[in-house]
Amino acid sequence: MRMGLCCLFKEENVSFRTTTATALSSLPRGEQLIKLSGICHDNVRNLLLALKAVQRLGIGAFRIMSPLFPRMTHPQVGYELADLPAGEDIRHLLEGIRNFAGGHDIRLSFHPDQFVVLSSPHPHVVANSVRELTYQAWLGKTLGADLINIHAGGVYGDKLSALERFRQVFSDLPDAVRNRLTLENDDVSYTVRDLLPLCQKLSIPLVYDVHHHRCNPDGLSQEEATELTGEIWRSMGLEQYCHLSSPRAGWGGKDPRPHADYIAEKDLPFCWRERVMTVDIEAKAKELAVVRLMDHLRENDLFGGAD
DNA sequence: GCATGTCAAGTTGTG
DNA sequence: CACAACTTGACATGC
């Protein structure tokens, strides 16, 4: 089992900067680009530090912050790498990051935020989403990240029509996006059972989030969901990807959806142990939570053959 | 200095 | 019907 860290660190001295469109708008274009250049340069240097920390800690996957290059696709203040004073340096660093990740077998992924919705009935929402995905696919190609994972989006009163809209948009996506796109079951709308037919038919890898499955059950057992989603990954020659988290207030609490600082060991599905797969750990204590879970598995000799 | 509210974008469920 | 949640730091504002 390969463990993944999501975006940020608790104790490692790695951080990512951002800026807002409002703050940028008050500057002339030249100063905007200088400011953005500094932020992007810092972020790329920190991404390399992040991967070095991940490698040192024995973590095998890393989810990259979507706004690594903040506001890059914004309609007013958007920009390209070539526009930035440090653009060439940044391009160099990106190449170094790809080599480091590839050389140390660190799997990289992206997880665009909630504004990326391909099933929306509103054309402008879909258009903005495709633009954002195109940016992330370019970044994925440059960095060697093979996965851009999104949710199926809104229901709009009828899941089947929403999924049909998704299917049509999906077929028209640029290759670089379509080759990386994966779908994940969410905690309110789309379950594994909802997504399986679409994913099987279009060969879209399905990221199985067991926490969302527990919050939003669909009649499938965890073993069934693991096997059925795993079959799609296997048929495409890819290592299966799953998500794991624990509820902040426990399973008896008011709302089980907010994530806890650490993973409760009993929340790791039994059938995942010994399985060849990547598991992103979604926990507030970040790398500390990943390391703690890996230590637990190692102490109990539950890590499978790969370790 | 420090505390606080806002920030591009969508959708759902709660109050 | 308005608003928080999803998530985090940067920035502007006001004391």
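Values below: every heavy atom of this structure, side chains too, minus hydrogens, waters and symmetry copies. Residue numbers begin at 1 in each chain, while the letters A, B, ... track the order of the sequences.
- A salt bridge does not link A:Glu265 with A:Arg292: every distance from a Lys NZ or Arg NE/NH1/NH2 to an Asp or Glu carboxylate oxygen is 4.0 Å or more.
- In this entry the distance linking CE of A:Met65 with P of C:dG9 reads 8 Å, nearest Å.
- The side chain of A:Val125 sits closest to B:dG10 out of B:dA8, B:dT12, B:dG10.
- Going from atom CG of A:Asp255 over to atom P of C:dA4 covers 16 Å, rounded to whole Å.
- In this structure, the CG atom of A:Leu118 is 14 Å from the C1' atom of B:dA9, given to the nearest Å.
- Sorted by residue number, the members of residues 18-39 of chain A with any non-hydrogen atom under 4.0 Å from DNA chain C read A:Thr18, A:Lys35.
- In the set C:dT7, C:dT8, B:dG13, B:dG13 carries the atom at the smallest distance from any side-chain atom of A:Val188.
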Under the side-chain hydrogen bond (donor to acceptor under 3.5 Å, both in side chains) criterion, do A:Arg165 and A:Gln168 qualify, and how do the steps go? CA-CA 5 Å; A:Arg165 280 194 301 275; A:Gln168 289 180 8; over 6 Å; no
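- For C:dC3 and B:dG5, the P atoms lie 14 Å apart once the distance is rounded to whole Å.
- Nucleic acid contact class of A:Pro258 (heavy atoms, under 4.0 Å, all strands): sugar-phosphate only.
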For DNA chain B, what string of dots and brackets results from 5' to 3' when Watson-Crick and G-U pairs need both distances under 3.5 Å, crossing pairs get [ ], and pairs with another strand get |? |||||||..||||||
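- Not a single donor-acceptor pair under 3.5 Å links the side chain of A:Glu31 to the backbone N or O of A:Pro28.
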Could you walk me through whether A:His211 and A:Asp187 pass the side-chain hydrogen bond (donor to acceptor under 3.5 Å, both in side chains) check? CA-CA 8 Å; A:His211 184 70; A:Asp187 51 6; over 6 Å; no
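- Using a 4.0 Å heavy-atom distance criterion, A:Arg71 is classed as a base contact.
- Using a 3.5 Å distance cut-off with no hydrogens or angles, the side chains of A:Asn149 and A:Thr182 do pair a donor with an acceptor.
- The nearest whole Å value for the distance from the NE2 atom in A:His74 to the C1' atom in B:dA9 is 8 Å.
- Nucleotides C:dT7 and B:dT4 are separated by 23 Å at their P atoms, to the nearest Å.
- In this structure, A:Arg56 does not pair ionically with A:Glu287, as no charged nitrogen and carboxylate oxygen lie closer than 4.0 Å.
- Distance NE2 (A:His111) to P (C:dT7): 9 Å, rounded to an integer number of Å.
- Distance check on atom P: B:dT6 versus C:dA4 gives 9 Å, rounded to whole Å.
- Across C:dT13 and B:dA8, the matching P atoms stand 14 Å from one another, rounded to whole Å.
- Between A:Phe115 and B:dA9, a base-stacking contact is recorded: ring centres under 5.5 Å apart, planes less than 30° from parallel.
- A:Ser120 comes within 4.0 angstrom of the backbone, heavy atoms only, and of no base.
- By the 4.0 Å N-to-carboxylate-O rule, A:Arg2 lies close enough to A:Asp105 to be salt-bridged with it.
- Using cut-offs of 30° and 60° on the angle between ring planes, the pair A:His213 and A:Tyr208 is perpendicular.
- For C:dT8, one of the phosphate oxygens OP1 or OP2 lies less than 4.0 angstrom from a side-chain nitrogen or oxygen of A:Lys284.
- Separating the CG atom of A:Leu68 from the C1' atom of C:dT8 is a distance of 15 Å, rounded to the nearest angstrom.
- Backbone-only contact: A:Val155 has heavy atoms under 4.0 Å from sugar-phosphate atoms and none from a base.
- Nucleotide B:dA8 holds its C1' atom 10 Å from the CG atom of A:Asp113, rounded to whole Å.
- Between A:Phe166 and A:Phe170, the angle of the ring planes stays under 30°, which puts this pair in the parallel group of the 30/60° scheme.
- When rounded to the nearest whole Å, the span between NE2 of A:His259 and P of C:dT8 equals 11 Å.
- Residues A:Thr278 and A:Arg107 have side chains that bring a donor and an acceptor to within less than 3.5 angstrom of each other.
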